[in-house]
Amino acid sequence: MNILNNLKSLAVIAIATMAFTSCSKDQTSFSIDDIQGKAKIKGTLTYSEGTEYKNGESNKIIKAATNTTIWVKINNASLSPNGQTLEHTTYTTFETVTDAKGEYEIEVPVSESIYRTEIRMQPQPFIGKYKKISNDNWNYNRPTYETIEGVFETDEISFNARPNQIIFKDIEYQFNAR
């Protein structure tokens, strides 16, 4: 009788093990790629190399930030179908790179619920040079310039999105001298 009870116990354990291990990954997991809604974000990334004065007029020298990475973070809690928020918010990060014109475009998952999905964006900072008017011998017709080195960076941009929305975000770096 004892052997029969042991066999029954082993059979129950074997069936339970098969029940838990027979599910495929698709049946047991949820991925951000499973989100059906998508939003498109596009725009340009630029920076100013300084100001030029010609014939008494000032003109900002605007350049395209080419081949620059932009990080796009999606608040995982805002992807919840019922808009639940988590105490410790986590993000899924995507990235895109600007082209030769400083333009970028990325499609990201957003919730189909009545709640909007929280998105945060930030371009990668870089070190560069800025053309600054020298305070010595200031003259509108013949200004003198000095070139200073520093970091071009931006604050994180935060906004919300809904499915099928196209969002334009033109971003300009700010210069911080070293």
Linked, directly or transitively: I106 and I119 (ILVMFWY side chains, under 4.5 Å) = yes
Are Y47 and I148 in one and the same hydrophobic cluster, where Ile, Leu, Val, Met, Phe, Trp and Tyr link if side-chain heavy atoms are under 4.5 Å apart?
-> yes
How far does [atom1] of [X] sit from [atom2] of [Y], to the nearest 0.5 angstrom?
| X | Y | atom1 | atom2 | answer |
| --- | --- | --- | --- | --- |
| K101 | T66 | NZ | OG1 | 13.0 Å |
| W71 | R120 | CH2 | CZ | 15.5 Å |
| Q124 | T98 | CD | OG1 | 10.0 Å |
| E107 | I41 | CD | CD1 | 10.0 Å |
| N76 | T90 | CG | OG1 | 4.0 Å |
| I157 | I167 | CD1 | CD1 | 11.5 Å |

Output yes when E105 and K40 qualify as a salt bridge under the 4.0 Å nitrogen-oxygen rule, no when they do not.
-> yes
Charged N to carboxylate O under 4.0 angstrom, E49 versus K60?
-> no
Looking at every non-hydrogen atom in both residues, tell me the closest pair between [X] and [Y] and how far apart they are.
| X | Y | answer |
| --- | --- | --- |
| P123 | I171 | CG-CG2, 4.0 Å |
| G43 | D170 | CA-OD1, 3.4 Å |
| E172 | T154 | O-CG2, 3.6 Å |
| I62 | S48 | CD1-CB, 4.1 Å |
| T44 | Y104 | N-CE2, 3.7 Å |
| P163 | G37 | CB-CA, 4.2 Å |

Take F126 and V151, measure what side chain to side chain contact (heavy atoms under 4.5 Å, CB included) needs, and give me the verdict at the end.
-> CA-CA 6 Å; F126 69 94; V151 177; over 6 Å; no
Polar side-chain atom of [X] near backbone of [Y] as donor-acceptor pair, under 3.5 Å:
| X | Y | value |
| --- | --- | --- |
| T117 | S111 | yes |
| N59 | E52 | no |
| E149 | I127 | no |

Under the criterion side chain to side chain donor-acceptor pair (under 3.5 Å), which of E156, Q122, E118 is the partner of K73?
-> E156
Heavy-atom side-chain contact between K132 and T147 under 4.5 Å = no
Begin from the C-alpha positions of I70 and V97 and carry the test side chain to side chain contact (heavy atoms under 4.5 Å, CB included) through to its verdict.
-> CA-CA 6 Å; I70 300 174; V97 177; over 6 Å; no
Honestly, is K131 close enough over Y145, meaning NZ or CZ under 6.0 Å from the six-membered ring centre and within 45° of the axis?
-> yes
Does K169 make a cation-pi contact with F159, if we ask for NZ or CZ under 6.0 Å from the ring centre and within 45° of the axis?
-> yes
Audit row: L45, Y173, side chain to side chain contact (heavy atoms under 4.5 Å, CB included) steps and yes/no | CA-CA 8 Å; L45 181 60; Y173 278 107; 3.7 Å; yes
With under 30° as parallel and over 60° as perpendicular, where do the rings of Y130 and F175 fit, or are they tilted in between?
-> parallel
